[in-house]
Visitor: 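The structure follows.
One-based numbering along the sequence shown. Computed from a prediction, not measured in an experiment: that's the story for all the values here.
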Amino acid sequence: MPRLIFGAFAAASLGLLISGSAHAAKPFPSPSAPAPVFYRSVKVDGLDIFYREAGAANAPTLLLLHGFPSSSRMFEPLLARLSAQFHLLAPDYPGFGHSDAPDPQAFAYTFDHIAEVMQHFTEAVGSSRYVMYMQDYGGPVGFRLAVAHPERVQGIIIQNAVAHDDGLGPRWNRMREFWADRAANEAGFRQSLTSLAGAQRRHLGSSPNVANYDPDLWADEFAFLNKSGESDIQIDLFFDYRTNVASYSAWQAWLRQAKPPTLVVWGRYDQSFEAAEAQAYKREIPDADVHLIDAGHFALDEKPDEVAALIGTFMSKLSKSKRPRSTSMKSAYTRR
């Protein structure tokens with residue numbers, strides 16, 4: 001969920017044999033009260049990058065990478081539930097949340113550029129080892145970080161983020177038309193992008209539990225997308241999304257070679273991505289722990305306790321297992 005001015009919102013990669021699980025996660029007990037959340041900014045590549053931080057700095061780090069059109073605010077449920085055991089870092093990308101949003105004429109809003117800023121962010125705050133939680137746009141950003149610096153990645157948590165064609169269903173035909181001819185399709189796409197109905201649909205998806213959702217989720221998102229200049233930023237990123245699809249084979253190659261410990265938590269009610277994507281990760285990582293849960297695109301909206309329990313169990317197992325440092329895959333990835 002977006003963070004808006006409008007809303008009041010262990011050294012090498014570690015290994016683990018993770019089996020696909022069909023049973024529900026057991027509650028992950030918190031040994032103490034949640035750590036306080038700090039709201040900070042750091043200068044990165046000349047930009048003020050806002051981030052939320054909670055938990056002891058010497059604890060295993062979770063790097064939380066948000067989606068569209070969210071911000072670090074979407075991770076407040078995890079900060080409250082996991083900060084007693086882990087160190088959580090949740091940055092806002094440039095153009096999102098409380099981070100600087102330079103004019104698109106002065107800053108290239110591409111996934112390569114966003115990932116570069118996020119890499120420099122981790123370096124600026126001194127985080128050199130982490131497990132990445134990747135949701136939606138967090139996937140393209142996180143996979144770029146992993147391919148560039150695999151030695152920093154201790155594991156990955158996929159939550160409704162795509163790295164295979166399996167995840168792109170018929171709804172993406174319109175997107176492909178936009179990529180093929182931006183000029184002819186931009187006006188209609190922009191209108192849909194910034195609509196209140198579109199914001200609501202991204203959160204609710206096909207969930208039968210509408211009463212579980214706070215309408216402020218999409219009201220704040222709608223307000224954010226309609227800020228002056230924001231639609232220009234988001235249109236540029238949507239157009240650049242085609243480079244993510246072109247990078248799937250490189251990301252899959254990294255997954256096959258590095259075999260990072262992997263947890264997949266997928267909200268079955270997502271109408272942006274296909275649920276088949278969750279199992280697709282097992283092609284590269286047969287031992288991936290895959291859970292399809294009763295939630296939507298933003299699973300933390302509806303099932304924060306379940307997601308936190310799965311992450312807590314995954315992280316605890318990681319801390320008991322070690323494996324050799326990941327091998328560089330830079331040669332498998334070409335910046336676009």
Visitor: Establish whether L82 and F38 are linked, either directly or via other cluster members, by ILVMFWY side-chain heavy-atom contacts under 4.5 Å.
Guide: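 No, no single cluster joins them.
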Visitor: Might you work through the salt bridge (charged side-chain N to carboxylate O under 4.0 Å, His left out) test for E274 and R171, ending with a clear yes or no?
Guide: CA-CA 10 Å; E274 299 295 310; R171 295 179 186 85; 3.7 Å; yes
Visitor: Using only heavy-atom distances, determine whether the side chains of N185 and R176 contain a donor-acceptor pair under 3.5 Å.
Guide: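 No, no side-chain donor-acceptor contact under 3.5 Å.
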Visitor: Quick check: is M74 connected to Y269 through a chain of hydrophobic side chains (ILVMFWY, heavy atoms under 4.5 Å apart)?
Guide: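 Different clusters.
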Visitor: Please round to the nearest 0.5 Å and tell me the distance separating atom NE2 of H98 and atom CZ of F50.
Guide: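 Those atoms lie 5.0 Å apart.
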Visitor: Checking side chain to side chain contact (heavy atoms under 4.5 Å, CB included) for the pair L237/F96: CA distance, chi angles, key distance, verdict?
Guide: CA-CA 12 Å; L237 267 177; F96 292 77; 3.7 Å; yes
Visitor: Are W172 and Y241 close enough, and set up right, to give a ring pair (Phe, Tyr, Trp, His ring centres under 6.0 Å), and what steps lead you there?
Guide: CA-CA 11 Å; W172 283 77; Y241 200 95; 5.1 Å; yes
Visitor: Output yes when a side-chain donor or acceptor of D103 lies under 3.5 Å from a complementary backbone atom of Q105, and no otherwise.
Guide: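 Confirmed, D103 side chain pairs with Q105 backbone.
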Visitor: Nearest 0.5 Å please: distance from the OG atom of S195 over to the CZ atom of R201.
Guide: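 That separation rounds to 6.0 Å.
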Visitor: Measure the shortest side-chain to side-chain distance between R81 and D305 over non-hydrogen atoms and say whether it is less than 4.5 angstrom.
Guide: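 R81 reaches D305 side chain to side chain.
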Visitor: For H87 and Y130, I'd like to know if the aromatic rings sit close, meaning centre-to-centre distance below 6.0 Å.
Guide: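 No, too far apart.
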Visitor: Looking only at non-hydrogen atoms, find the nearest pair between M315 and P60 and report the distance.
Guide: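 Distance-wise, the nearest heavy atoms are CE-CB, 3.9 Å.
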Visitor: Would you compute the distance between atom CG of D289 and atom CD1 of I158 and round it to the nearest 0.5 angstrom?
Guide: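 If I round to the nearest 0.5 Å, the distance is 12.5 Å.
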Visitor: What's the separation between atom OG in S41 and atom CG in D92, rounded to the nearest 0.5 Å?
Guide: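 If I round to the nearest 0.5 Å, the distance is 8.5 Å.
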Visitor: Is the side chain of D236 donor-acceptor paired with the backbone N or O of I233 at a distance under 3.5 Å, no angle test?
Guide: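 Judged by distance alone, no pair lies under 3.5 Å.
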Visitor: From Q234 CD over to L225 CG, what is the distance, rounded to the nearest 0.5 angstrom?
Guide: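 Those atoms lie 6.0 Å apart.
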Visitor: On a heavy-atom basis, which atom in H164 and which in Y281 lie closest, and how many Å separate them?
Guide: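 Reported closest heavy-atom pair: CE1-CD2, 3.7 Å.
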Visitor: Could you check whether any side-chain heavy atom of M132 comes within less than 4.5 Å of a side-chain heavy atom of V153, counting everything from C-beta outward?
Guide: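 Yes. Closest side-chain heavy atoms under 4.5 Å.
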Visitor: With distance as the sole test, does D136 use its side chain to make a donor-acceptor pair with the main-chain N or O of F68 at under 3.5 Å?
Guide: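 Yes, D136 side chain to F68 backbone: donor-acceptor pair under 3.5 Å.
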Visitor: Would you say that F75 contacts R52 through its side chain, given a criterion of any heavy-atom pair below 4.5 Å between the two side chains?
Guide: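 No, every pair of side-chain atoms sits at 4.5 Å or beyond.
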Visitor: Report yes if the side chains of I49 and V117 come closer than 4.5 Å at any heavy-atom pair, otherwise no.
Guide: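 When only atoms from C-beta onward are counted, V117 and I49 do touch, with a gap below 4.5 Å.
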Visitor: Any chance you could measure L255, atom CG, to I285, atom CD1, to the nearest 0.5 Å?
Guide: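 So the CG of L255 and the CD1 of I285 are separated by 4.5 Å.
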Visitor: Any idea which heavy atoms bring P91 and M118 closest together, and the distance?
Guide: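 Minimum heavy-atom separation between P91 and M118: CG-SD, 3.6 Å.
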Visitor: Using ring pair (Phe, Tyr, Trp, His ring centres under 6.0 Å) as the criterion, point out the one residue from F273, F111, F143, Y93 that pairs with Y137.
Guide: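 The single option meeting the ring pair (Phe, Tyr, Trp, His ring centres under 6.0 Å) with Y137 is F111.
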Visitor: So, does K259 use its side chain to make a donor-acceptor pair with the main chain of E284 at under 3.5 Å?
Guide: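 Such a contact is found between K259 side chain and E284 backbone.
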Visitor: Tell me the closest heavy-atom pair linking P150 and W254, and the distance in Å.
Guide: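 What the structure gives for the nearest pair is CB-NE1, 3.5 Å.
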Visitor: So D112 and R144, side chain to side chain contact (heavy atoms under 4.5 Å, CB included) or not? Walk me through it.
Guide: CA-CA 7 Å; D112 277 352; R144 283 171 167 83; 2.8 Å; yes
Visitor: Heavy-atom distance under 4.5 Å between the side chains of V265 and Y133, does that happen here?
Guide: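 SC-SC contact between V265 and Y133 ruled out.
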Visitor: Under 3.5 Å, is there a donor-acceptor pair between the side chain of E186 and the main chain of F178?
Guide: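 The answer is no, because no donor-acceptor pair under 3.5 Å joins these two groups.
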Visitor: If we ignore hydrogens and angles and just use 3.5 Å, is the side chain of Q135 paired with the main-chain N or O of H297 as donor and acceptor?
Guide: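 At least one qualifying donor-acceptor pair exists.
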Visitor: Could you please spell out the steps behind the side chain to side chain contact (heavy atoms under 4.5 Å, CB included) verdict for D240 and Y109?
Guide: CA-CA 8 Å; D240 192 63; Y109 284 94; over 6 Å; no
Visitor: Would you please indicate if the ring centroids of F238 and F189 are separated by under 6.0 Å?
Guide: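 Yes, the ring of F238 comes within the 6.0 Å limit of the ring of F189, centre to centre.
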Visitor: E306 and H291: side-chain donor and acceptor closer than 3.5 Å?
Guide: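 There is no such pair between these side chains.
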Visitor: Is any side-chain heavy atom of N244 closer than 4.5 Å to a side-chain heavy atom of W251?
Guide: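 They are in contact (side-chain heavy atoms under 4.5 Å apart), so the answer is yes.
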Visitor: Report yes if some heavy atom in the side chain of P69 is under 4.5 Å from a heavy atom in the side chain of R202; otherwise report no.
Guide: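 They are in side-chain contact.
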Visitor: Where do G267 and N160 come nearest, in terms of heavy atoms and distance?
Guide: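 Nearest heavy atoms, G267 then N160: N-OD1, 2.8 Å.
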Visitor: Looking only at heavy atoms, which two atoms of Y213 and S207 are closest? And how far apart?
Guide: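 Looking at all heavy atoms of both residues, the shortest contact is CE1-OG, 3.7 Å.
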Visitor: Is there a donor-acceptor contact under 3.5 Å from the side chain of E221 to the main chain of D216?
Guide: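 Not confirmed, E221 side chain does not pair with D216 backbone.
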Visitor: Keeping the roles fixed (side chain from K303, backbone from L300), state whether a donor-acceptor pair exists under 3.5 Å.
Guide: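 No.
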Visitor: Decide side chain to side chain contact (heavy atoms under 4.5 Å, CB included) for F86 and V131; before the verdict, give the C-alpha distance in whole Å, the side-chain angles of both, and the deciding distance to 0.1 Å.
Guide: CA-CA 11 Å; F86 310 112; V131 172; over 6 Å; no
Visitor: Any non-hydrogen side-chain atom of H149 less than 4.5 Å from a side-chain atom of Q119?
Guide: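 Answer yes - side chains close enough.
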Visitor: Other residues, nucleotides and ligands only: do more than 12 of their heavy atoms fall within 6.0 Å of CD on Q191?
Guide: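 Atom CD in Q191 is not crowded, with 12 or fewer foreign heavy atoms closer than 6.0 Å.
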Visitor: Measure from the side-chain N and O atoms of N226 to the backbone N and O of T194, and report whether any donor-acceptor pair falls under 3.5 Å.
Guide: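 Judged by distance alone, yes, a pair lies under 3.5 Å.
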Visitor: Looking at S99 and G97, would you say the former's side chain and the latter's main chain have a donor-acceptor pair under 3.5 Å?
Guide: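 Side chain of S99 to backbone of G97: no pair is present.
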